[in-house]
Structure formats: C-alpha cells, structure tokens
Amino acid sequence: MAKIEEVKANVEKGKTKLVPGLVQDALDEGNPAGDILQAMVEGMGVVGDRFSSGEIFVPEMLMAAKAMSKGVDVLKPHMAGSSSTSLGTCVIGTVKGDLHDIGKNLVAMMVESAGFTMVDLGVDVPAEKFIDAIKANENVTLVACSGLLTTTMPALKDTVATLKSCGLNGFKVIVGGAPVTEAFADEIGADGYAPDAGSAAVIAKDLVNAA
Ligand code: B1M
C-alpha cells in the first residue's frame, strides 16, 4: 500500500502512535503536504460515514480525530509558508456547544501563515468570549467562527449577531464549517465564508485588505 494510503487507513483506525511516523514517511517519499492532508481529511469523512451508519461510536471517532491531529502536527512545518506582512490579529474559535476543532485548527494554521497573529480561543466558545478577546488583544482585524454541527448553526448566528451589535469596530467576521454555506453566512450577516482552510486564508486576506 502506498504510504499516503497507509496514512488514511490508520487515521480511520485511530492509530495515534502510527500516524505521525507514516506522515513523515509519506513526506520522505516526496508526497506534497497538501495531498497527505487531503488523504487524512478523506479518512475523517469515512469515519463520519461509519459513525452515521452505526458501525462505530463516539470513542472511535475521537481516536481518529486524535490520530489526525498528531499527523497534522508533523505536516505543519511543511504547509503554507509564513508571510512577513502583518494583517493584524485574528481571533478564532469553534462556537458554543461545539467541540470539533480539527477544521478550526487547520483554518488557524493557514490564516496565520497568510500574515495574521492568531489568538485561538479553542472550542465551545460563547459569543461574549469572542468580544472579550477583541477587547483584550491589539488590532483585531478578523474574527473567525467555526461550527461543525447543524445544531450549533444557531450559535454561529448568535455569535455573528453579538459581534455585529457589540459596538466595537475595525474587524471582519468570517464563518465556516461543514454545514455552513455561503447563503447561510450571508443570511446571518457574516462578512465572509470559506469552504475550507486554504480559501479561508485567501478570503481573510482579501477582506482585511479591502477594509
Ligand atoms: Co462529530 N459529528 N460529533 N465528533 N464528527 C460530525 C461533524 C458528523 C457529521 C458525523 C456524522 O454523523 N456523520 C456529525 C454532525 C451531524 C450534523 O450535525 N449534521 C457529528 C456528530 C453528530 C457528533 C456528536 C453529536 C456525536 C454524539 O455525541 N452523538 C458529538 C457532538 C459533540 C459536540 O461538539 N458537542 C460529536 C463528537 C465528535 C468527537 C468529539 C468524537 C470528534 C471531534 C474531535 C475533535 O474535533 N477534536 C468528532 C469527529 C472527529 C467528527 C467527524 C468524524 C470528523 C470531523 C473532522 O475533524 N473532519 C465528523 C464527520 C465528518 O466531518 N465527515 C463528525 C475533518 C476536518 C478537517 O474537516 O472540520 O469539516 P472540517 O473542517 C473543514 C471545513 O469544514 C472547513 O475547513 C476544513 C477543511 O479545510 N472549516 C472552516 C471548518 N471550520 C471553518 C471555519 C472557517 C472556514 C472554513 O472560517 C472561520
């Protein structure tokens, strides 16, 4: 089996100890970091499908997430290069009620490499905590909110509404996550939407440069 396929298979099986070494082997074989990342994302898709069909349960899903995170740690230095321009500070978090962080972490990594200073609030972040972070950090130009559950889409809506009505200015709001669409982002008043981490970095840059 090609190393990149082994990476995918072992993410699916939640092999936390094996995945970092396999990712390194895949890199050593000359596979681009983006392709290895894509294989791991596809692996998580398989895990999600198995969960939906009742083949696996939350603990297996969690192990797969841990395995992928370990793999991403190895990939990090090989992903997008760092920019010397400063686009200000980005405050990022997964919204209240939502514990998914792999996609959010990828977005943080890519947006940071586009030239932002990153303040990562983690998961299950209430709207007020985003506001506190805008007040506590200098030159916040971007707030990025991630949501992975259909049940936390209302929390995304509340967060954007709170950010837009809090009386603070100078920042744009970008949203994303599997159930989020451009239409939903428009409907809730976000300034931007991105379907994946790579495009989040491009859109973040464009939004802040246009402000
Ligand atoms: Co959860 N989970 N999960 N889960 N989980 C999903 C999301 C699900 C689709 C699985 C399924 O049923 N097929 C389903 C949601 C269904 C729905 O709402 N429609 C689901 C469910 C139901 C649940 C629980 C409710 C299960 C339960 O307890 N019964 C529970 C909820 C807990 C909670 O959050 N309150 C739960 C728990 C968990 C774990 C904790 C076990 C674990 C997360 C661990 C972690 O993140 N550290 C987990 C996992 C791993 C998944 C799946 C399998 C994988 C998610 C993932 O990391 N994908 C997922 C199935 C799937 O995605 N197919 C599933 C890889 C990641 C790179 O993709 O996060 O989509 P993603 O990020 C993408 C884009 O969405 C985008 O960029 C990334 C790619 O570049 N993006 C942004 C993300 N954020 C963005 C922000 C942006 C822009 C783009 O701008 C700000």
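All ligand and atom numbering here is 1-based and tracks the order in the structure.
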- Task: Verify whether one side chain among D196 and S199 offers a donor that lies under 3.5 Å from an acceptor in the other.
- Result: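 Result is yes, a qualifying pair exists.
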
At a non-hydrogen distance cut-off of under 4.0 Å, which region of [X] contacts ligand 1 (side chain, backbone, both, or neither)?
X	result
P195	backbone
P179	neither
V180	neither
L106	side chain

Closest to [atom] among [options] (heavy-atom distance):
atom	options	value
atom 79 (C) of ligand 1	C145, A197, A67	A197
atom 69 (O) of ligand 1	L148, D196, L149, V72	L148
atom 43 (C) of ligand 1	E12, K104, M61, H100	H100
atom 33 (C) of ligand 1	D49, V95, L99	L99

Could you list which atoms of ligand 1 come closer than 4.0 Å to a heavy atom of [X]?
X	value
V107	82 (C), 85 (C), 86 (C), 87 (C), 88 (C), 89 (C)
A144	91 (C)
G48	11 (C), 13 (N), 53 (C), 60 (C)
G45	63 (N)

Minimum-distance protein heavy atom relative to [atom]:
atom	result
atom 40 (C) of ligand 1	L62 CD1, 3.8 Å
atom 26 (C) of ligand 1	F51 CZ, 3.6 Å
atom 50 (C) of ligand 1	M44 CE, 3.4 Å

- Message: Walk me through whether D28 and Q24 qualify under side chain to side chain donor-acceptor pair (under 3.5 Å).
- Response: CA-CA 6 Å; D28 293 345; Q24 189 57 57; 3.0 Å; yes

- Query: Should A65 be counted as touching ligand 1, given the test is an N or O pair under 3.5 Å?
  - Reply: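 Min N/O separation from ligand 1 is not below 3.5 Å for A65.
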
